[in-house]
Protein chains: 2
Amino acid sequence: MSERVVADGERRRRRPTKRGTVLSEELIVETALRLIGEHGAAALTVRRLGTALGADPSALYRYFHDTDDLLLAVADELIGRTLRSWRATGEWRADLRSLGLRIHADYQAHPQAAVLTCTRVTGRVHEMRSVETILGILRGAGFPDAEAVRIYHVFVDQTLAFAALDATVLTLPRESRTLEERTWRERYARLGPDTHPQVAATAPILVAEMGRSAYPAALEMMLAAAEARLRHVRA
Amino acid sequence: MSERVVADGERRRRRPTKRGTVLSEELIVETALRLIGEHGAAALTVRRLGTALGADPSALYRYFHDTDDLLLAVADELIGRTLRSWRATGEWRADLRSLGLRIHADYQAHPQAAVLTCTRVTGRVHEMRSVETILGILRGAGFPDAEAVRIYHVFVDQTLAFAALDATVLTLPRESRTLEERTWRERYARLGPDTHPQVAATAPILVAEMGRSAYPAALEMMLAAAEARLRHVRA
DNA sequence: CACCTTATGACAACGCCGTTGACGCACTGG
DNA sequence: CCAGTGCGTCAACGGCGTTGTCATAAGGTG
(Lines give C-alpha, C1' and ligand atoms only; values in the text may rest on other atoms or scores of the structure.)
Protein backbone atom coordinates (compact mmCIF):
# COMPACT_ATOMS: atom_id res chain seq x y z
CA MET A 1 0.00 0.00 0.00
CA SER A 2 1.08 3.54 -0.60
CA GLU A 3 0.54 4.42 3.08
CA ARG A 4 -0.98 7.72 2.08
CA VAL A 5 -3.62 8.94 4.46
CA VAL A 6 -3.76 12.64 4.04
CA ALA A 7 -5.64 15.38 5.90
CA ASP A 8 -8.78 16.37 4.08
CA GLY A 9 -7.56 19.87 3.27
CA GLU A 10 -4.33 18.73 1.64
CA ARG A 11 -6.06 16.45 -0.77
CA ARG A 12 -5.03 17.25 -4.33
CA ARG A 13 -7.19 15.35 -6.74
CA ARG A 14 -10.78 14.50 -6.05
CA ARG A 15 -11.74 11.88 -8.53
CA PRO A 16 -15.42 10.94 -8.61
CA THR A 17 -16.19 7.30 -7.91
CA LYS A 18 -17.68 5.02 -10.49
CA ARG A 19 -21.13 5.94 -9.28
CA GLY A 20 -20.33 9.63 -9.44
CA THR A 21 -19.98 10.72 -5.80
CA VAL A 22 -16.95 12.74 -4.78
CA LEU A 23 -15.43 11.43 -1.55
CA SER A 24 -14.26 13.55 1.38
CA GLU A 25 -13.45 12.89 5.01
CA GLU A 26 -16.53 14.87 5.99
CA LEU A 27 -18.83 12.98 3.65
CA ILE A 28 -17.54 9.64 4.87
CA VAL A 29 -18.05 10.54 8.54
CA GLU A 30 -21.53 11.88 7.84
CA THR A 31 -22.46 8.78 5.89
CA ALA A 32 -21.15 6.59 8.68
CA LEU A 33 -23.31 8.42 11.22
CA ARG A 34 -26.30 8.13 8.91
CA LEU A 35 -25.73 4.40 8.47
CA ILE A 36 -25.58 3.89 12.23
CA GLY A 37 -28.69 5.95 12.74
CA GLU A 38 -30.73 4.30 10.02
CA HIS A 39 -29.81 0.65 10.20
CA GLY A 40 -28.37 0.15 13.67
CA ALA A 41 -24.87 -0.09 14.96
CA ALA A 42 -24.12 -3.40 13.28
CA ALA A 43 -24.65 -1.77 9.88
CA LEU A 44 -21.36 0.08 10.10
CA THR A 45 -18.85 -2.05 8.25
CA VAL A 46 -16.23 -0.82 5.84
CA ARG A 47 -17.83 -2.73 3.03
CA ARG A 48 -21.32 -1.43 3.64
CA LEU A 49 -20.02 2.08 4.13
CA GLY A 50 -18.26 1.83 0.81
CA THR A 51 -21.43 0.63 -0.84
CA ALA A 52 -23.46 3.43 0.73
CA LEU A 53 -20.96 5.91 -0.67
CA GLY A 54 -21.04 4.32 -4.09
CA ALA A 55 -17.35 3.58 -3.80
CA ASP A 56 -15.14 0.56 -3.44
CA PRO A 57 -14.60 -0.20 0.25
CA SER A 58 -10.85 0.04 -0.14
CA ALA A 59 -11.15 3.68 -1.20
CA LEU A 60 -11.84 4.55 2.43
CA TYR A 61 -8.30 3.57 3.31
CA ARG A 62 -7.12 6.63 1.43
CA TYR A 63 -8.84 8.67 4.14
CA PHE A 64 -8.45 6.61 7.33
CA HIS A 65 -5.73 4.21 8.42
CA ASP A 66 -8.21 1.60 9.60
CA THR A 67 -11.68 1.14 11.07
CA ASP A 68 -10.59 2.42 14.47
CA ASP A 69 -9.29 5.62 12.94
CA LEU A 70 -12.59 6.11 11.16
CA LEU A 71 -14.58 5.53 14.34
CA LEU A 72 -12.49 8.09 16.22
CA ALA A 73 -13.30 10.64 13.56
CA VAL A 74 -16.97 9.81 13.94
CA ALA A 75 -16.66 10.15 17.72
CA ASP A 76 -14.97 13.51 17.44
CA GLU A 77 -17.80 14.76 15.29
CA LEU A 78 -20.23 13.56 17.98
CA ILE A 79 -18.48 15.47 20.76
CA GLY A 80 -18.59 18.61 18.69
CA ARG A 81 -22.30 18.29 17.98
CA THR A 82 -23.13 17.69 21.63
CA LEU A 83 -21.21 20.64 23.01
CA ARG A 84 -22.42 22.93 20.28
CA SER A 85 -26.06 22.60 21.27
CA TRP A 86 -25.82 23.08 25.05
CA ARG A 87 -26.78 26.29 26.87
CA ALA A 88 -26.13 27.28 30.49
CA THR A 89 -28.93 28.63 32.70
CA GLY A 90 -26.88 29.74 35.71
CA GLU A 91 -28.53 27.37 38.19
CA TRP A 92 -25.96 24.69 38.99
CA ARG A 93 -28.28 21.73 39.46
CA ALA A 94 -30.24 22.47 36.30
CA ASP A 95 -27.03 22.95 34.34
CA LEU A 96 -25.42 19.71 35.48
CA ARG A 97 -28.67 17.86 34.90
CA SER A 98 -29.17 19.10 31.35
CA LEU A 99 -25.51 18.60 30.47
CA GLY A 100 -25.46 15.05 31.79
CA LEU A 101 -28.72 14.06 30.13
CA ARG A 102 -27.64 15.63 26.85
CA ILE A 103 -24.32 13.81 26.75
CA HIS A 104 -26.04 10.57 27.67
CA ALA A 105 -28.71 10.99 25.03
CA ASP A 106 -26.39 12.09 22.25
CA TYR A 107 -24.05 9.18 22.85
CA GLN A 108 -26.89 6.71 22.84
CA ALA A 109 -28.01 8.00 19.48
CA HIS A 110 -24.72 6.68 18.11
CA PRO A 111 -23.84 3.75 20.35
CA GLN A 112 -21.09 2.24 18.24
CA ALA A 113 -19.05 5.42 18.37
CA ALA A 114 -19.94 6.00 22.01
CA VAL A 115 -18.64 2.65 23.16
CA LEU A 116 -15.29 3.29 21.55
CA THR A 117 -15.02 6.87 22.68
CA CYS A 118 -16.25 7.09 26.23
CA THR A 119 -13.15 5.76 27.93
CA ARG A 120 -10.58 7.72 25.99
CA VAL A 121 -9.07 10.94 27.18
CA THR A 122 -8.91 12.99 24.05
CA GLY A 123 -7.20 16.04 25.55
CA ARG A 124 -8.68 18.05 22.73
CA VAL A 125 -10.23 21.45 22.74
CA HIS A 126 -13.79 20.32 23.29
CA GLU A 127 -12.92 18.14 26.25
CA MET A 128 -10.88 20.82 27.97
CA ARG A 129 -13.67 23.31 27.49
CA SER A 130 -16.11 20.90 29.09
CA VAL A 131 -13.85 20.48 32.13
CA GLU A 132 -13.67 24.23 32.46
CA THR A 133 -17.43 24.52 32.13
CA ILE A 134 -18.32 21.90 34.72
CA LEU A 135 -15.73 23.04 37.23
CA GLY A 136 -17.04 26.57 36.78
CA ILE A 137 -20.57 25.45 37.54
CA LEU A 138 -19.50 23.70 40.74
CA ARG A 139 -17.14 26.34 42.08
CA GLY A 140 -19.62 29.03 41.16
CA ALA A 141 -22.23 27.18 43.22
CA GLY A 142 -20.02 27.53 46.27
CA PHE A 143 -18.31 24.15 46.51
CA PRO A 144 -14.78 24.38 47.94
CA ASP A 145 -12.07 23.41 45.47
CA ALA A 146 -11.42 19.86 46.70
CA GLU A 147 -15.15 19.15 46.84
CA ALA A 148 -15.74 20.65 43.41
CA VAL A 149 -13.03 18.52 41.85
CA ARG A 150 -14.31 15.36 43.49
CA ILE A 151 -17.86 15.99 42.36
CA TYR A 152 -16.63 16.91 38.89
CA HIS A 153 -14.86 13.57 38.69
CA VAL A 154 -17.91 11.64 39.83
CA PHE A 155 -20.19 13.55 37.48
CA VAL A 156 -18.04 13.07 34.39
CA ASP A 157 -17.12 9.44 34.97
CA GLN A 158 -20.64 8.50 35.96
CA THR A 159 -22.09 10.13 32.86
CA LEU A 160 -19.56 8.53 30.55
CA ALA A 161 -19.79 5.17 32.29
CA PHE A 162 -23.56 5.05 31.96
CA ALA A 163 -23.37 6.33 28.41
CA ALA A 164 -20.98 3.52 27.53
CA LEU A 165 -23.00 0.93 29.41
CA ASP A 166 -26.31 1.89 27.85
CA ALA A 167 -24.70 2.33 24.45
CA THR A 168 -23.21 -1.15 24.65
CA VAL A 169 -26.68 -2.56 25.07
CA LEU A 170 -27.78 -0.75 21.92
CA THR A 171 -24.75 -2.14 20.12
CA LEU A 172 -25.90 -5.70 20.65
CA PRO A 173 -27.58 -7.46 17.78
CA ARG A 174 -31.33 -7.11 17.94
CA GLU A 175 -31.83 -10.75 18.94
CA SER A 176 -29.67 -10.40 22.05
CA ARG A 177 -31.55 -7.31 23.13
CA THR A 178 -35.00 -8.80 22.78
CA LEU A 179 -33.62 -11.87 24.50
CA GLU A 180 -32.61 -9.78 27.51
CA GLU A 181 -35.99 -8.18 27.65
CA ARG A 182 -37.63 -11.57 27.59
CA THR A 183 -35.24 -12.82 30.23
CA TRP A 184 -36.58 -10.22 32.61
CA ARG A 185 -40.20 -10.66 31.62
CA GLU A 186 -40.29 -14.41 31.61
CA ARG A 187 -37.53 -15.89 33.70
CA TYR A 188 -37.38 -13.33 36.50
CA ALA A 189 -41.10 -12.73 36.61
CA ARG A 190 -41.74 -16.42 37.14
CA LEU A 191 -39.36 -17.10 39.99
CA GLY A 192 -41.19 -18.68 42.86
CA PRO A 193 -41.59 -16.93 46.24
CA ASP A 194 -40.10 -19.98 47.94
CA THR A 195 -36.69 -19.76 46.26
CA HIS A 196 -36.62 -16.06 45.33
CA PRO A 197 -38.99 -14.18 47.63
CA GLN A 198 -37.56 -10.73 46.97
CA VAL A 199 -37.84 -11.00 43.20
CA ALA A 200 -41.27 -12.60 43.39
CA ALA A 201 -42.58 -9.78 45.58
CA THR A 202 -41.46 -7.03 43.21
CA ALA A 203 -41.63 -8.75 39.83
CA PRO A 204 -43.92 -6.30 37.98
CA ILE A 205 -41.98 -3.29 39.27
CA LEU A 206 -38.71 -4.98 38.32
CA VAL A 207 -39.80 -5.71 34.77
CA ALA A 208 -40.91 -2.11 34.26
CA GLU A 209 -37.82 -0.62 35.85
CA MET A 210 -35.19 -2.73 34.08
CA GLY A 211 -36.50 -1.75 30.69
CA ARG A 212 -35.10 1.76 30.93
CA SER A 213 -31.78 3.39 31.72
CA ALA A 214 -30.88 3.96 35.35
CA TYR A 215 -28.88 7.05 34.47
CA PRO A 216 -31.53 9.71 35.15
CA ALA A 217 -32.20 8.25 38.61
CA ALA A 218 -28.48 7.91 39.31
CA LEU A 219 -27.93 11.50 38.25
CA GLU A 220 -30.70 12.73 40.55
CA MET A 221 -29.26 10.84 43.49
CA MET A 222 -25.85 12.29 42.79
CA LEU A 223 -27.23 15.82 42.58
CA ALA A 224 -29.18 15.34 45.82
CA ALA A 225 -26.06 14.14 47.61
CA ALA A 226 -24.10 17.06 46.23
CA GLU A 227 -26.68 19.54 47.42
CA ALA A 228 -26.60 18.00 50.89
CA ARG A 229 -22.82 18.43 50.93
CA LEU A 230 -23.22 22.04 49.83
CA ARG A 231 -25.66 22.79 52.65
CA HIS A 232 -23.26 21.12 55.07
CA VAL A 233 -20.37 23.24 53.83
CA ARG A 234 -22.32 26.47 54.03
CA ALA A 235 -23.55 25.80 57.56
CA MET B 1 -28.25 -28.75 12.43
CA SER B 2 -29.69 -31.02 15.00
CA GLU B 3 -30.47 -28.03 17.24
CA ARG B 4 -29.42 -29.94 20.28
CA VAL B 5 -27.94 -27.79 22.99
CA VAL B 6 -28.38 -29.62 26.20
CA ALA B 7 -27.77 -28.64 29.81
CA ASP B 8 -24.47 -29.93 31.06
CA GLY B 9 -26.01 -32.32 33.57
CA GLU B 10 -28.22 -34.04 31.02
CA ARG B 11 -25.36 -34.85 28.72
CA ARG B 12 -25.35 -38.57 27.94
CA ARG B 13 -22.20 -39.44 26.08
CA ARG B 14 -18.93 -37.72 26.70
CA ARG B 15 -16.78 -38.55 23.75
CA PRO B 16 -13.18 -37.36 23.96
CA THR B 17 -12.00 -35.09 21.18
CA LYS B 18 -9.33 -36.10 18.74
CA ARG B 19 -6.69 -34.62 21.02
CA GLY B 20 -8.12 -36.44 24.01
CA THR B 21 -9.80 -33.75 26.07
CA VAL B 22 -13.32 -34.36 27.32
CA LEU B 23 -15.53 -31.33 26.76
CA SER B 24 -17.96 -29.89 29.27
CA GLU B 25 -19.76 -26.59 29.65
CA GLU B 26 -17.61 -25.85 32.69
CA LEU B 27 -14.34 -26.63 30.92
CA ILE B 28 -15.31 -24.46 27.96
CA VAL B 29 -16.19 -21.47 30.14
CA GLU B 30 -12.99 -21.82 32.15
CA THR B 31 -10.91 -22.05 29.01
CA ALA B 32 -12.66 -18.99 27.61
CA LEU B 33 -11.82 -17.02 30.76
CA ARG B 34 -8.22 -18.20 30.58
CA LEU B 35 -7.96 -17.20 26.92
CA ILE B 36 -9.31 -13.73 27.67
CA GLY B 37 -6.98 -13.32 30.61
CA GLU B 38 -3.90 -14.43 28.74
CA HIS B 39 -4.33 -12.89 25.33
CA GLY B 40 -6.94 -10.16 25.69
CA ALA B 41 -10.62 -9.93 24.90
CA ALA B 42 -10.01 -10.05 21.16
CA ALA B 43 -8.52 -13.52 21.58
CA LEU B 44 -11.91 -15.00 22.31
CA THR B 45 -13.15 -16.42 19.03
CA VAL B 46 -14.95 -19.67 18.53
CA ARG B 47 -12.16 -20.97 16.38
CA ARG B 48 -9.39 -20.13 18.82
CA LEU B 49 -11.41 -21.45 21.73
CA GLY B 50 -11.86 -24.70 19.84
CA THR B 51 -8.16 -24.93 19.19
CA ALA B 52 -7.34 -24.20 22.83
CA LEU B 53 -9.66 -27.03 23.82
CA GLY B 54 -8.18 -29.39 21.26
CA ALA B 55 -11.56 -29.67 19.58
CA ASP B 56 -13.14 -28.64 16.34
CA PRO B 57 -14.75 -25.20 16.71
CA SER B 58 -18.11 -26.54 15.65
CA ALA B 59 -18.14 -28.92 18.61
CA LEU B 60 -18.84 -25.92 20.87
CA TYR B 61 -22.23 -25.54 19.24
CA ARG B 62 -23.28 -28.72 21.00
CA TYR B 63 -22.93 -26.76 24.25
CA PHE B 64 -23.92 -23.20 23.35
CA HIS B 65 -26.36 -21.94 20.74
CA ASP B 66 -23.95 -19.27 19.53
CA THR B 67 -21.16 -16.95 20.65
CA ASP B 68 -23.58 -14.78 22.56
CA ASP B 69 -24.83 -17.72 24.57
CA LEU B 70 -21.25 -18.62 25.43
CA LEU B 71 -20.52 -15.06 26.49
CA LEU B 72 -23.48 -15.08 28.86
CA ALA B 73 -22.12 -18.21 30.51
CA VAL B 74 -18.75 -16.53 30.98
CA ALA B 75 -20.44 -13.48 32.51
CA ASP B 76 -22.40 -15.60 34.94
CA GLU B 77 -19.30 -17.45 36.04
CA LEU B 78 -17.70 -14.09 36.87
CA ILE B 79 -20.72 -13.05 38.95
CA GLY B 80 -20.63 -16.38 40.74
CA ARG B 81 -16.97 -16.05 41.68
CA THR B 82 -17.62 -12.62 43.15
CA LEU B 83 -20.71 -13.59 45.13
CA ARG B 84 -19.04 -16.69 46.50
CA SER B 85 -16.61 -14.65 48.54
CA TRP B 86 -19.01 -12.06 49.96
CA ARG B 87 -20.53 -12.04 53.44
CA ALA B 88 -23.48 -10.02 54.74
CA THR B 89 -23.26 -8.04 57.97
CA GLY B 90 -26.93 -7.05 58.32
CA GLU B 91 -26.36 -3.30 58.07
CA TRP B 92 -27.68 -2.24 54.69
CA ARG B 93 -25.22 0.56 53.97
CA ALA B 94 -22.22 -1.51 54.93
CA ASP B 95 -23.51 -4.45 52.91
CA LEU B 96 -24.14 -2.45 49.75
CA ARG B 97 -20.81 -0.71 50.14
CA SER B 98 -18.79 -3.92 50.52
CA LEU B 99 -20.73 -5.64 47.74
CA GLY B 100 -20.23 -2.77 45.33
CA LEU B 101 -16.55 -2.39 46.07
CA ARG B 102 -16.03 -6.14 45.78
CA ILE B 103 -17.75 -6.39 42.41
CA HIS B 104 -15.78 -3.40 41.17
CA ALA B 105 -12.50 -4.88 42.39
CA ASP B 106 -13.15 -8.42 41.13
CA TYR B 107 -14.15 -7.22 37.68
CA GLN B 108 -11.02 -5.15 37.45
CA ALA B 109 -9.01 -8.26 38.23
CA HIS B 110 -10.38 -9.64 34.95
CA PRO B 111 -10.64 -6.45 32.91
CA GLN B 112 -10.82 -8.15 29.55
CA ALA B 113 -13.75 -10.31 30.58
CA ALA B 114 -15.43 -7.45 32.44
CA VAL B 115 -15.54 -5.26 29.38
CA LEU B 116 -17.09 -8.05 27.41
CA THR B 117 -19.69 -9.15 29.91
CA CYS B 118 -20.62 -6.23 32.17
CA THR B 119 -23.59 -5.20 30.13
CA ARG B 120 -25.29 -8.54 29.68
CA VAL B 121 -28.36 -9.81 31.48
CA THR B 122 -27.60 -13.49 31.80
CA GLY B 123 -30.70 -14.75 33.57
CA ARG B 124 -28.61 -17.59 34.93
CA VAL B 125 -28.35 -18.89 38.47
CA HIS B 126 -25.63 -16.65 39.87
CA GLU B 127 -27.13 -13.48 38.51
CA MET B 128 -30.56 -14.31 39.86
CA ARG B 129 -29.08 -14.95 43.29
CA SER B 130 -27.38 -11.57 43.22
CA VAL B 131 -30.63 -9.81 42.37
CA GLU B 132 -32.28 -11.61 45.25
CA THR B 133 -29.49 -10.63 47.62
CA ILE B 134 -29.44 -6.93 46.81
CA LEU B 135 -33.22 -6.58 46.77
CA GLY B 136 -33.29 -8.32 50.14
CA ILE B 137 -30.83 -5.82 51.59
CA LEU B 138 -32.89 -2.85 50.42
CA ARG B 139 -36.33 -4.13 51.34
CA GLY B 140 -34.96 -5.34 54.65
CA ALA B 141 -33.71 -1.83 55.31
CA GLY B 142 -37.25 -0.51 55.00
CA PHE B 143 -37.38 0.86 51.47
CA PRO B 144 -40.82 0.53 49.87
CA ASP B 145 -40.90 -1.83 46.91
CA ALA B 146 -40.80 0.76 44.13
CA GLU B 147 -38.02 2.64 45.85
CA ALA B 148 -36.05 -0.55 46.51
CA VAL B 149 -36.26 -1.59 42.88
CA ARG B 150 -35.20 1.83 41.66
CA ILE B 151 -32.21 1.93 44.00
CA TYR B 152 -31.34 -1.65 43.10
CA HIS B 153 -31.24 -0.64 39.46
CA VAL B 154 -29.07 2.40 40.11
CA PHE B 155 -26.73 0.44 42.36
CA VAL B 156 -26.22 -2.45 39.94
CA ASP B 157 -25.88 -0.41 36.79
CA GLN B 158 -23.63 2.15 38.43
CA THR B 159 -21.35 -0.56 39.77
CA LEU B 160 -21.16 -2.40 36.47
CA ALA B 161 -20.80 0.80 34.48
CA PHE B 162 -17.86 1.98 36.55
CA ALA B 163 -16.39 -1.50 36.51
CA ALA B 164 -16.53 -1.56 32.74
CA LEU B 165 -15.22 1.99 32.43
CA ASP B 166 -12.28 1.43 34.75
CA ALA B 167 -11.62 -1.99 33.26
CA THR B 168 -11.49 -0.55 29.77
CA VAL B 169 -8.70 1.77 30.80
CA LEU B 170 -6.76 -1.23 32.07
CA THR B 171 -7.42 -2.96 28.77
CA LEU B 172 -5.74 -0.29 26.66
CA PRO B 173 -2.24 -1.07 25.42
CA ARG B 174 0.32 0.16 27.90
CA GLU B 175 1.95 2.66 25.59
CA SER B 176 -1.22 4.48 24.59
CA ARG B 177 -2.34 4.58 28.23
CA THR B 178 0.80 6.31 29.50
CA LEU B 179 0.87 8.48 26.42
CA GLU B 180 -2.68 9.63 26.98
CA GLU B 181 -2.04 10.34 30.63
CA ARG B 182 1.10 12.32 29.90
CA THR B 183 -0.57 14.34 27.16
CA TRP B 184 -3.46 15.00 29.47
CA ARG B 185 -1.25 16.28 32.28
CA GLU B 186 0.91 18.39 30.03
CA ARG B 187 -2.05 20.04 28.40
CA TYR B 188 -3.72 20.79 31.69
CA ALA B 189 -0.48 22.04 33.22
CA ARG B 190 -0.12 24.50 30.38
CA LEU B 191 -3.58 25.99 30.65
CA GLY B 192 -3.34 29.61 31.77
CA PRO B 193 -5.71 31.30 34.22
CA ASP B 194 -6.73 33.71 31.48
CA THR B 195 -8.23 31.10 29.19
CA HIS B 196 -9.05 28.35 31.71
CA PRO B 197 -9.35 29.92 35.17
CA GLN B 198 -11.22 27.03 36.78
CA VAL B 199 -8.69 24.42 35.75
CA ALA B 200 -5.73 26.65 36.61
CA ALA B 201 -7.10 27.28 40.11
CA THR B 202 -7.51 23.58 40.90
CA ALA B 203 -4.77 21.97 38.83
CA PRO B 204 -2.92 20.13 41.65
CA ILE B 205 -6.15 18.79 43.14
CA LEU B 206 -7.32 17.77 39.67
CA VAL B 207 -4.16 15.82 38.91
CA ALA B 208 -4.36 13.96 42.22
CA GLU B 209 -8.07 13.24 41.87
CA MET B 210 -8.07 12.04 38.28
CA GLY B 211 -5.44 9.42 39.01
CA ARG B 212 -7.90 7.17 40.84
CA SER B 213 -11.32 5.67 40.21
CA ALA B 214 -14.33 7.82 40.99
CA TYR B 215 -16.39 4.78 41.90
CA PRO B 216 -15.91 4.86 45.71
CA ALA B 217 -16.95 8.51 45.82
CA ALA B 218 -19.88 7.88 43.49
CA LEU B 219 -20.97 4.94 45.65
CA GLU B 220 -20.85 7.07 48.81
CA MET B 221 -22.93 9.80 47.21
CA MET B 222 -25.48 7.22 46.08
CA LEU B 223 -25.67 5.68 49.57
CA ALA B 224 -26.05 9.12 51.15
CA ALA B 225 -28.91 9.98 48.79
CA ALA B 226 -30.55 6.62 49.50
CA GLU B 227 -30.36 7.17 53.23
CA ALA B 228 -31.93 10.58 52.83
CA ARG B 229 -34.78 8.97 50.90
CA LEU B 230 -35.17 6.36 53.62
CA ARG B 231 -35.41 9.02 56.34
CA HIS B 232 -37.97 10.84 54.22
CA VAL B 233 -40.03 7.69 53.78
CA ARG B 234 -39.97 6.86 57.47
CA ALA B 235 -40.96 10.33 58.58
C1' DC C 1 -21.08 -60.05 25.12
C1' DA C 2 -23.20 -58.32 20.82
C1' DC C 3 -26.21 -55.13 18.89
C1' DC C 4 -28.49 -50.85 17.93
C1' DT C 5 -29.42 -46.15 18.69
C1' DT C 6 -27.96 -41.84 18.87
C1' DA C 7 -25.27 -38.25 21.00
C1' DT C 8 -21.45 -35.87 19.76
C1' DG C 9 -17.11 -34.68 17.58
C1' DA C 10 -14.98 -33.85 12.86
C1' DC C 11 -15.04 -32.00 8.34
C1' DA C 12 -16.04 -29.02 4.67
C1' DA C 13 -18.28 -25.30 2.98
C1' DC C 14 -20.79 -20.66 2.87
C1' DG C 15 -20.96 -15.85 3.18
C1' DC C 16 -19.44 -12.31 5.75
C1' DC C 17 -15.58 -9.29 7.51
C1' DG C 18 -11.09 -5.98 7.43
C1' DT C 19 -7.22 -5.13 4.91
C1' DT C 20 -3.64 -4.80 1.18
C1' DG C 21 -0.97 -4.72 -3.31
C1' DA C 22 -1.17 -3.95 -8.08
C1' DC C 23 -3.09 -1.38 -11.65
C1' DG C 24 -4.50 2.31 -14.50
C1' DC C 25 -7.52 6.31 -15.18
C1' DA C 26 -8.21 11.16 -15.00
C1' DC C 27 -7.01 15.40 -12.88
C1' DT C 28 -3.77 19.02 -12.17
C1' DG C 29 0.60 21.65 -12.56
C1' DG C 30 3.73 23.09 -15.90
C1' DC D 1 -1.40 19.63 -24.05
C1' DC D 2 1.60 16.72 -21.94
C1' DA D 3 3.52 14.31 -17.91
C1' DG D 4 3.23 12.67 -13.44
C1' DT D 5 0.79 11.06 -9.86
C1' DG D 6 -3.30 10.95 -6.56
C1' DC D 7 -6.79 8.08 -5.84
C1' DG D 8 -10.57 4.90 -7.12
C1' DT D 9 -10.94 -0.04 -8.54
C1' DC D 10 -10.02 -4.81 -8.74
C1' DA D 11 -8.77 -9.08 -6.94
C1' DA D 12 -7.14 -11.62 -3.41
C1' DC D 13 -5.86 -13.18 1.41
C1' DG D 14 -6.78 -14.84 5.79
C1' DG D 15 -9.97 -14.87 9.56
C1' DC D 16 -14.52 -14.88 11.39
C1' DG D 17 -19.31 -17.24 12.92
C1' DT D 18 -22.19 -20.69 11.61
C1' DT D 19 -24.35 -24.93 9.58
C1' DG D 20 -25.25 -29.49 7.03
C1' DT D 21 -23.44 -33.86 6.77
C1' DC D 22 -21.04 -37.71 8.06
C1' DA D 23 -18.84 -41.23 10.99
C1' DT D 24 -17.91 -43.19 15.30
C1' DA D 25 -17.91 -44.44 20.01
C1' DA D 26 -20.66 -44.58 24.16
C1' DG D 27 -24.15 -46.82 26.60
C1' DG D 28 -28.57 -49.00 27.22
C1' DT D 29 -30.79 -53.49 26.09
C1' DG D 30 -31.13 -58.46 25.53
Side-chain angles (χ1 to χ4, degrees), chain A residues 1-25 27-28 31-32 35 39-72 74 112 116 171-176, chain B residues 1-25 27-28 31-32 35 39-74 116:
Chain A
M1 282 296 272
S2 38
E3 184 60 35
R4 301 230 51 86
V5 175
V6 144
D8 209 36
E10 304 163 14
R11 201 160 285 274
R12 312 259 301 271
R13 306 178 182 188
R14 317 198 91 109
R15 168 136 76 121
T17 71
K18 215 162 198 184
R19 284 222 332 256
T21 55
V22 175
L23 296 182
S24 70
E25 197 177 311
L27 177 64
I28 295 173
T31 307
L35 262 190
H39 303 106
L44 188 61
T45 72
V46 175
R47 296 177 112 95
R48 271 197 272 245
L49 182 52
T51 305
L53 284 161
D56 188 274
S58 64
L60 304 185
Y61 290 90
R62 302 276 180 211
Y63 294 80
F64 304 95
H65 293 94
D66 50 27
T67 314
D68 195 65
D69 194 19
L70 165 65
L71 278 171
L72 283 184
V74 172
Q112 179 114 356
L116 244 115
T171 297
L172 298 175
R174 174 164 302 172
E175 316 117 20
S176 307
Chain B
M1 281 294 276
S2 36
E3 186 60 36
R4 300 230 49 85
V5 175
V6 143
D8 208 37
E10 304 163 15
R11 200 159 286 275
R12 314 256 303 271
R13 308 175 182 187
R14 316 201 91 110
R15 168 137 77 122
T17 71
K18 218 164 196 186
R19 284 223 332 257
T21 55
V22 175
L23 296 181
S24 70
E25 195 177 312
L27 176 64
I28 295 173
T31 306
L35 262 190
H39 304 106
L44 188 61
T45 71
V46 175
R47 296 176 112 95
R48 269 199 274 246
L49 183 51
T51 305
L53 285 161
D56 188 273
S58 65
L60 304 186
Y61 290 89
R62 302 279 179 209
Y63 295 81
F64 304 95
H65 293 95
D66 50 26
T67 315
D68 195 66
D69 193 20
L70 165 64
L71 215 55
L72 291 185
V74 172
L116 232 51

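Every chain is numbered from 1 and lettered A, B, ... according to where its sequence line falls, protein lines coming before strand lines. Every value quoted in this text rests on a predicted model; they were computed, and no experiment measured them.
Between the CD1 atom of B:I28 and the CG atom of B:L35 there is a distance of 12.0 Å, given to the nearest 0.5 Å. Rounding to the nearest 0.5 Å places OG1 of A:T51 at 8.5 Å from CG of A:D56. The structure places CG of A:L53 at 8.0 Å from OG1 of A:T17, a figure rounded to the nearest 0.5 Å.
Comparing C:dT19, D:dT9, D:dG17 by their nearest atom to the side chain of A:A59 picks out D:dT9. For A:R15, counting side-chain heavy atoms from C-beta on, the closest listed nucleotide (D:dA26, C:dA26, D:dA12) is C:dA26. Closest approach to the B:L23 side chain among D:dA26, D:dG17, C:dG9 is made by C:dG9 (side chain taken as heavy atoms from C-beta onward). Closest contact between the side chain of B:Y63 and the listed nucleotides D:dG8, C:dG9, D:dT18 involves C:dG9.
The two atoms that bring B:L23 and B:L27 nearest to each other are CA-CD2, 4.4 Å, heavy atoms only. Considering every non-hydrogen atom in both B:L60 and B:G50, the closest pair reads CD1-N, 4.1 Å.
Considering B:L49, B:L72, B:V46 in turn, B:V46 is the only one that fulfils the side-chain contact (heavy atoms from CB on, under 4.5 Å) rule with B:T67.
What separates NE2 of B:H39 from C1' of D:dG15 is a distance of 17 Å, to the nearest Å. Look at CG on A:D66: it is 8 Å from P on C:dT20, rounded to the nearest Å. In this structure, B:L60 places its CG atom 14 Å from P of C:dC11, rounding to the nearest Å. Note: NZ (B:K18) to P (D:dA25) measures 11 Å, nearest angstrom. In this structure, A:L49 atom CG and C:dT19 atom C1' are separated by 15 Å, rounded to whole Å. Protein atom CZ of A:R47 is 15 Å distant from nucleotide atom P of D:dG14, rounded to whole Å. Atom-to-atom, CG of A:D69 to P of C:dT19 comes out at 10 Å; the value is rounded to the nearest Å. Taking atom NE2 of A:H65 as the reference point, atom P of C:dG18 lies 18 Å away to the nearest angstrom.
Taking 4.0 angstrom as the limit, B:Y61 places none of its side-chain polar atoms (N or O) nearer than this to OP1 or OP2 of D:dG20. Within the structure, every side-chain polar atom (N or O) of B:R48 is placed at least 4.0 Å from both OP1 and OP2 of D:dG15.
Between the side chain of A:S58 and the base of D:dC10 there is at least one donor-acceptor pair of N/O atoms closer than 3.5 Å. In this model, no side-chain donor or acceptor of B:R14 finds a partner on the base of C:dT8 within 3.5 Å. Residue-to-nucleotide contacts include no donor-acceptor pair under 3.5 Å from the side chain of A:R62 to the base of D:dG6.
Of the residues in residues 50-57 of chain A, none has a non-hydrogen atom less than 4.0 angstrom from any atom of DNA chain C.
The shortest side-chain heavy-atom distance between B:L71 and B:L44 falls under the 4.5 Å cut-off.
Between the A:R48 side chain and the A:A42 main chain, a donor and an acceptor come within less than 3.5 Å of each other.
Note on A:R19: nothing from the nucleic acid sits closer than 4.0 angstrom, heavy atoms only.
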